[in-house]
Number of protein chains: 4
Amino acid sequence: MPKVSNEHQEARRAQIIEAAIQCFSKKGFHQTSMQDIVLESGLSPGAIYLYFKGKEDIIRAIADKQHSKERDLIAKACSSSDVKIALGQLVKSFFEPLSDSEVFESRRIGVQLWTEALSNPIVYEVVRSGIDEPLRELTKLISEFQEQGSIQAGLAPDAIARVMVALYQGFILQLVWDEQVNVGEYVTAAEAIISTFFQA
Amino acid sequence: MPKVSNEHQEARRAQIIEAAIQCFSKKGFHQTSMQDIVLESGLSPGAIYLYFKGKEDIIRAIADKQHSKERDLIAKACSSSDVKIALGQLVKSFFEPLSDSEVFESRRIGVQLWTEALSNPIVYEVVRSGIDEPLRELTKLISEFQEQGSIQAGLAPDAIARVMVALYQGFILQLVWDEQVNVGEYVTAAEAIISTFFQA
Amino acid sequence: MPKVSNEHQEARRAQIIEAAIQCFSKKGFHQTSMQDIVLESGLSPGAIYLYFKGKEDIIRAIADKQHSKERDLIAKACSSSDVKIALGQLVKSFFEPLSDSEVFESRRIGVQLWTEALSNPIVYEVVRSGIDEPLRELTKLISEFQEQGSIQAGLAPDAIARVMVALYQGFILQLVWDEQVNVGEYVTAAEAIISTFFQA
Amino acid sequence: MPKVSNEHQEARRAQIIEAAIQCFSKKGFHQTSMQDIVLESGLSPGAIYLYFKGKEDIIRAIADKQHSKERDLIAKACSSSDVKIALGQLVKSFFEPLSDSEVFESRRIGVQLWTEALSNPIVYEVVRSGIDEPLRELTKLISEFQEQGSIQAGLAPDAIARVMVALYQGFILQLVWDEQVNVGEYVTAAEAIISTFFQA
DNA sequence: TATGAATGAGGGTTCATTCAT
DNA sequence: AATGAATGAACCCTCATTCAT
């Protein structure tokens, strides 16, 4: 029996989430008070509780948002039936945005979610599925490569997938600590290392 | 004039830090209250403040502790004058302890410090120097490799160093989220990829 | 956009200040806990902090309140252009309220502020200007008297002003220690002494 | 069964009181921690509690000390049988030390005790008797004057005594707020006013 | 739907005092 | 007699959340 349209509902939620992202990105989840989000969003405390159950619910919504973005990246990348192309696409879709300073906040939030997952079961679930899905996809692709003989046998495909994820997440850490890091050089090096391996 | 020995002083500090590590590891820095540390340590609130200026001081002390452990690893690894051996040692000293479930808490704390660094300048300094030092050492070693022609020219040595650090830190993330991950397989895969590249 | 009126805001501040005055009057600033003020005011701790930055801010507000009351007394008294009348008015406006047991708390608070000024710079400023203004006014009036020859030459007008202030503040001390003291007799004696001197 | 001499006991007490006076003078009773006194005295916390029951006991001892100093002044002043001389002595013994910057701390402590008396029964008793005795003596002297006709009849001798005490205590307030105040001019003015009155 | 004043549990920290040594 | 590490109640204050309007 909502009086206002769903669009309005979603717009308000987006407004709150955007404000929360700004705050969380700067100060972290636990140093950010609801009052901070209230000020940043321009809404009232009461209004926020109309759209979210509480602070934790906002964090979860943000985690979901990040997660769904990654889902989309994976889905799009894996649409190709050619294994080589799919893998290249996957790497590209994850690494390309790293050069985009627009998603500065998104990366910082992402890192904070990784840690939050350690003590927050709800966030844990989101973060876990956000990593398990890419791992699954990568493992599948790598298995196929291996069957083609493009990769040494004897190495666990799942371990190789983890290596690739580590190359991604490990670099994000370095990036959030120092936005000056040369992304292009890193990506070039990482791709060189991977492709050398895949052609060995 | 102290009634108790310096060893006792250090023992108390260690006792508090140990209790704090247990708490922080489980609940995170900000969800852990001083009361939690009080209970875990078996001391009184006042006693804690005899040895630390406050909660933040405990976090800093823990960060320092982790940092100095890593310093030692690097120093020991780099004692060899042979570049190849030094690099091998470095990789080994960082990857080997990953199999050790003893340092379970240490890893979880480490990840939390990575995030804490984003909003806490004191922790930031410690984390930064904890990553900059290995990067510097690695870059130096990789440059020498490159001069020997063991690595493709044209790739930034510093970027390659970052790749190696990412392989380490990125995997730690995966490990803290799921202690069941097969460390041996990962290390084997990572070493295979690195050594393939170095011999390309 | 405020939900409640400015009058309401001021009423709440007054409510808190009134409660604080009751507490401070009985127990002193430092023996009064915020909890005491909370109980006396009937509000919650959080509510107090909506209107005041902290305990010190309440003390400062009370000091300001006392100060502005005295300012008004002086301003009103000095409105007359006749020196004799102005001085008489000034004496009257300060001494008359001493008989009023309504301002019982106000006097006790005043004395506490005098002492608080010794270690609290904010209160010091308020107390200083609360004494310097009357001194300045009195000195001006006394100088004029002296020029008319109504007072012995050779005495510093400013010293005489201090004598008059001492007669006021010194008596307040006696009054807060023992509310039974006969105010009328004191005022009569003080005025006799002053007027004898001014006519000598 | 004290092992050490009474002199030693008294020396220790004096040492603690001296340290406490320094601290209280600067920061006030309630802003001074026992730790402050410990540091200033060079003793240990435990040692202080061997000689005083607690913080309040130190304050009481200091109040007693001040009180007994004033008792001595009064006793000495009133030793003369000549009323005029006795009164002159009394005024002199109280006003003369005001020029002495040595007793800087003593005055600041005195003022703090006046306020402390409002909420501390033990201090109240000391302060009360410290003011009642001079008042009694003065009243007695003034009564005799009045009987001799040197003072207007109709004025309460006790009120006149209070005037004189106010001239003393009221000026001390002004002095502790601003040590630059010209003591000589004040005393000259105060004495002129009193003697004018007594000879009227 | 929207407000924002109000709540109150719980946060980090201090400090007068004690007691084993 | 003297120490000083230890205690723990109490301090001031914050902040996620609620609810009367």
Side-chain angles (χ1 to χ4, degrees), chain A residues 1-5 8-9 12 30-39 42-58, chain B residues 1-5 8-9 12 30-38 41-58, chain C residues 1-5 8-9 12 30-38 41-58, chain D residues 1-5 8-9 12 30-39 42-58:
Chain A
M1 89 195 55
K3 278 251 181 61
V4 299
S5 63
H8 179 250
Q9 290 259 3
R12 275 276 192 264
H30 304 290
Q31 290 89 331
T32 296
S33 68
M34 282 305 239
Q35 189 57 21
D36 290 330
I37 299 174
V38 163
L39 289 175
L43 295 170
S44 63
I48 290 181
Y49 283 85
L50 286 175
Y51 297 96
F52 293 94
K53 280 199 294 222
K55 193 177 175 179
E56 162 125 315
D57 194 32
I58 298 177
Chain B
M1 196 182 313
K3 187 66 158 296
V4 298
S5 59
H8 177 254
Q9 296 258 0
R12 272 276 188 269
H30 304 289
Q31 290 89 331
T32 297
S33 72
M34 285 306 253
Q35 187 58 18
D36 290 330
I37 299 174
V38 162
S41 69
L43 295 169
S44 62
I48 308 268
Y49 286 87
L50 284 176
Y51 297 95
F52 294 94
K53 284 207 286 264
K55 193 179 175 181
E56 164 124 314
D57 195 32
I58 298 178
Chain C
M1 197 181 311
K3 188 66 156 296
V4 298
S5 58
H8 178 254
Q9 295 259 359
R12 271 278 187 269
H30 304 289
Q31 290 90 331
T32 297
S33 71
M34 283 308 251
Q35 188 58 21
D36 290 330
I37 299 175
V38 163
S41 68
L43 294 169
S44 61
I48 308 269
Y49 287 88
L50 284 177
Y51 297 94
F52 293 94
K53 284 208 285 264
K55 194 178 173 181
E56 163 124 314
D57 194 33
I58 298 178
Chain D
M1 117 199 21
K3 278 252 181 59
V4 299
S5 61
H8 180 249
Q9 292 257 3
R12 274 277 192 266
H30 304 289
Q31 289 90 332
T32 296
S33 70
M34 282 306 240
Q35 189 57 20
D36 290 330
I37 299 174
V38 163
L39 289 175
L43 295 170
S44 63
I48 290 182
Y49 283 84
L50 286 175
Y51 297 96
F52 292 94
K53 281 198 293 219
K55 193 177 176 181
E56 163 126 314
D57 195 31
I58 298 177

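Here is the naming used below: chain letters follow the sequence lines, and residue numbers restart at 1 for every chain. Side-chain atoms are counted along with the backbone in the values below, which use heavy atoms only and exclude waters and symmetry mates.
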With respect to the phosphate group of F:dC13, does any side-chain polar atom (N or O) of C:Gln35 fall under 4.0 Å of OP1 or OP2? no
Does a nitrogen or oxygen in the side chain of A:Tyr51 sit under 4.0 Å from OP1 or OP2 of E:dT1? no
Scan D:Gly46 against the nucleic acid and name what it touches under 4.0 Å (heavy atoms): base, sugar-phosphate only, or nothing. base
Do any side-chain nitrogens or oxygens of C:Tyr49 fall under 4.0 Å of OP1 or OP2 in F:dT14? no
Of A:Lys55 and C:Lys55, whose nearest nucleotide on DNA chain F comes first from the 5' end? C:Lys55
For the residue pair D:Ile58 and D:Lys55, establish whether any side-chain heavy-atom pair is separated by less than 4.5 Å. no
If you measure from CZ on A:Arg12 to CG on A:Leu43, what distance do you get to the nearest 0.5 Å? 5.0 Å
If pairing means Watson-Crick or G-U wobble with both distances under 3.5 Å, then the partner of E:dT14 is F:dA9
N/O (side chain, B:Arg12) to phosphate O (OP1/OP2, F:dA6) under 4.0 Å: yes
Give a yes/no on whether any side-chain N or O of C:His30 is located under 4.0 angstrom from OP1 or OP2 of F:dA10. no
Rounded to the nearest Å, what distance is computed from the CD1 atom of residue A:Ile37 to the P atom of nucleotide E:dG4? 17 Å
Could you work out which one of F:dG8, E:dG12, E:dT7 sits closest to the side chain of B:Ser44? F:dG8
Just how far, in rounded Å, is P of F:dT14 from CG of A:Asp36? 13 Å
When rounded to the nearest 0.5 angstrom, what distance separates CD1 in A:Ile37 from CD1 in A:Ile48? 6.0 Å
Distance test, side-chain N/O of C:His8 to OP1/OP2 of E:dA6, below 4.0 Å: yes
Which nucleotide, E:dG12, F:dA2, F:dA1, lies nearest any side-chain atom of B:Met34? E:dG12
Assign each of B:Thr32 and C:Leu50 the nucleotide of DNA chain E bearing its closest heavy atom; nearer the 5' end lies the nucleotide of C:Leu50
Using whole Å, what does the distance between atom P of nucleotide F:dA10 and atom CD of C:Gln31 come to? 16 Å
Would you mind pulling out the nucleotide paired to E:dT21, Watson-Crick or G-U wobble, both distances under 3.5 Å? F:dA2
For B:Ile48 and F:dA6, give me the distance from atom CD1 to atom C1', rounded to whole Å. 11 Å
For D:Phe52 and D:Asp57, work out which heavy atoms get closest and say how close. CA-OD2, 3.4 Å
Testing E:dT1, F:dA5, F:dT14 for proximity to the side chain of C:Pro45, the answer is F:dT14
Measuring from C:Asp36:CG to C:Gln31:CD, what's the distance to the nearest 0.5 Å? 10.5 Å
Could you tell me the separation between the NE2 atom of D:His30 and the OG1 atom of D:Thr32, rounded to the nearest 0.5 Å? 9.5 Å
Assuming nearest nucleotide by heavy-atom distance, tell me which of C:Gly42 and B:Gly54 is located more 5' along DNA chain E. C:Gly42
Length of the CG-C1' vector between C:Asp57 and F:dC12, whole Å: 14 Å
Distance, rounded to the nearest Å, where D:Glu56 contributes CD and E:dC15 contributes P: 18 Å
